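Report on the following structure.
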Amino acid sequence: MPGDHRRIRGPEESQPQLYAAGEGEAPAPRDPARLRPVYARAGLLSQAKGSAYLEAGGPKVLCAESGPRRAEGGERGGGSVGAGCEAPAALSGRLLCDFRRAPFSGRGRDAPPGGGEERELARALQESLEPVGRLGRYPRAQLEVSALLLGDGGSALAAPLTAAPLALADTGVETYDLVVGCSLSRAPAPAPAWLLEPTLLEEERAAAGLTVALMPVLKQVAGLLGSGEGGPTESWAEAMRLGFEGCQRLYPVLQQCSVQAAHRRGAAAPL
Amino acid sequence: TVEPLEYYRRFLKENCRPDGRELGEFRTTTVNVGSIGTADGSSLVKLGNTTVICGIKAEFGAPPTDAPDKGYVVPNVDLSPLCSWRFRSGPPGEEAQVASQFIADVIENSQIIQKEDLCISSGKLAWVLYCDLICLNHDGNILDACTFALLAALKNVQLPEVTINEETALAEVNLKKKSYLNIRTHPVATSFAVFDDTLLIVDPTEEEEHLATGTLTVVMDEEGRLCCLHKPGGSGLTGSKLQDCMSRAVTRHKEVKKLMDEVFKSMKPK
């Protein structure tokens, strides 16, 4: 691209193939509450402190976590002068999230990262992860989480939301619970039904979308992100209920994955 | 280790390395092709712990004005904090830029594909192959892994048939009819690390790369022709040592070619 001298230059602009190929097919009807088969594995990158790979039907996410490391910059919030109580927020650990899409993950090729959408998703990821880790136990430390989306297949935010806490737990940082993410989309009228875990086609044609992040054991909501056309409140409430059920159903797989990773690490330890 | 260099020297004296390998031995190489559905061609290569994934996306673009019958091949190596805590997120750092330029040189020098094959209509439309190599785990020897991943992914790429409609002068893509690229040569990279100005070891891990006094990468194709030699500074090498490296590279090429042929033979036609 013009001006970017750090990368190999290609043509000024290029069009994806699909622009010439015409419309795709309509999504096939299916059971609205079906979950796609999930494959999860933790502890697979040797260079990262903790890592997790999650494949949920279409989307493939790899998440790595490094730290806790000494935080850069001084303490936030200063100290309260003379008072007996300290501000706990200034001393607790910080979580930095980075979300990127591989350029080959979407339908067309995305330009190398830095776009606004990725920052928004990174922020959503951070907000959902903060309640999970016991950051108060790691004062002045910094935990860096990077999520990489290798293949998009719908539900681009739900998969990292599930993989990141798995990576966090794999590091050995104390957490209250795992987080499970689920995404839903509402098809446009005339049949506005909420579909769990939409495929890419369903997501593209959706009138509204919702991503929920639930901590299944504590039964607390870690994150909620919705967008699209408005609708009656009952419709959104029903969507949330559907999402939470989906999360609860996914939880045993992730728990098993976490336990297996711990066993593997325990077996490898006495070298 | 407190004294990593001394620790290594003790092993090197016995002609072996801490992970049990000989000086001329490569780590276990595994390759997996075609796993990313959204890419036109993809591959995943593991060299021990070093993991690189390559995804190729083909798009349409206008050919360059100074070469109207050629397409583009645009490589990009991405080293992110995911693969090693040494890297920061943001624009490509030095190591990533060096690796991207190295891959571009390999493509150009080895003529792995003829850019003329990528042209659809001279001066108007050509294929642009964006090759994105993402390192998932950096445990040394990125260049070998990237070259191998690129080769495997290029062999996996299937491009649809494109015809130019004469009346409308627009391209028509037939997604049902796809064909593989014409891969002319198979360049394979072999990297060495130089220790104490004299000792050469093959396929360095990240620790070995740090302790080395120099590195060297030799790229050979199947007819024993040298495509690319990459020696970024470091300690000098005598002519005879260089010859040894090249013969080792030729042997490595045979090993890699055998692995790739096995993989592609075992793949069921789509």
Side-chain angles (χ1 to χ4, degrees), chain A residues 1 4-22 24 44-49 51 53 55 58-60 62-67 69 96 98-100 102-114 118 122 144-148 150-153 167 200, chain B residues 35-42 48-51 53-64 71-76 78 80-86 89-93 96-97 100-101 103-104 126-128 130-132 134 136-139 159-160 162 170-175 206:
Chain A
M1 48 229 77
D4 190 353
H5 54 273
R6 291 186 210 234
R7 294 180 209 271
I8 309 284
R9 300 267 318 249
E12 296 264 318
E13 52 174 43
S14 55
Q15 289 85 40
Q17 295 169 31
L18 295 173
Y19 122 90
L44 43 115
L45 296 182
S46 66
Q47 298 293 90
K49 204 89 189 293
S51 55
Y53 173 70
E55 209 175 297
K60 303 180 179 34
L62 184 63
C63 203
E65 215 259 291
S66 70
R69 207 181 305 156
L96 287 175
D98 180 36
F99 176 83
R100 52 221 330 253
F104 41 79
S105 60
R107 291 279 204 103
R109 189 229 185 208
D110 307 320
E118 300 197 338
E144 283 159 18
V145 179
S146 335
L148 175 66
L150 288 169
D152 200 352
L200 202 56
Chain B
S35 39
I36 309 275
T38 46
D40 295 303
S42 60
N49 277 330
T50 301
T51 312
I53 190 166
C54 177
I56 301 192
K57 279 211 85 79
E59 294 201 342
F60 294 124
Y72 284 92
V73 181
V74 185
N76 182 37
D78 191 25
S80 64
L82 192 78
C83 63
S84 168
W85 58 269
R86 292 186 287 139
S89 57
Q97 288 179 57
S100 298
Q101 190 57 51
I103 298 288
W127 283 112
V128 181
Y130 288 106
C131 312
D132 294 291
I134 303 188
L136 300 177
N137 200 9
H138 190 328
D139 195 15
L159 293 179
V162 184
L170 285 176
E172 272 165 21
V173 178
N174 185 358
L175 286 173
E206 204 201 349

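Since we're looking at a predicted model, the values are computed, not measured.
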Ranking B:Gly93, B:Ala126, B:Pro75 by heavy-atom pairs under 4.5 Å to chain A gives rank one to B:Pro75

The interface call for B:Ser35 against chain A, heavy-atom contacts under 4.5 Å, is backbone

Applying a strict 4.5 Å limit to non-hydrogen atoms, the region of B:Ala104 in contact with chain A is side chain

d(A:Phe104 CZ, B:Ile56 CD1) to nearest 0.5 Å is 10.0 Å

Q | Under-4.0 Å salt bridge between B:Asp132 and B:Lys57 | A | no

Of B:Gly61, B:Ala58, B:Gly37, the largest count of non-hydrogen pairs under 4.5 angstrom with chain A goes to B:Ala58

Note: vs chain A, highest number of non-hydrogen pairs under 4.5 angstrom among B:Asp139, B:Ile134, B:Leu82, B:Leu136 is B:Leu82

Quiz item: Regarding B:Asn137 and A:Ser46, is there a side-chain donor-to-acceptor distance under 3.5 Å anywhere?
Solution: yes

Cut-off 4.5 Å, heavy atoms of chain A, and the answer for B:Pro63 is neither

Flag, side chain of B:Gln97 to backbone of B:Pro92, donor-acceptor distance under 3.5 Å | yes

Applying a strict 4.5 Å limit to non-hydrogen atoms, the region of A:Lys49 in contact with chain B is neither

>> Any side-chain to backbone donor/acceptor pair from B:Ser42 onto B:Cys54? Under 3.5 Å, distance only.
In response: no

When the 4.5 angstrom heavy-atom criterion is applied to B:Pro64 and chain A, the contacting part is neither

In short, A:Gln47 meets B:His138 closest at the heavy-atom pair NE2-O, 2.8 Å

The interface call for B:Gln101 against chain A, heavy-atom contacts under 4.5 Å, is both

Closest non-hydrogen atoms of B:Gly55 and B:Ala39, given as atom of the first, atom of the second and distance, are CA-CB, 4.4 Å

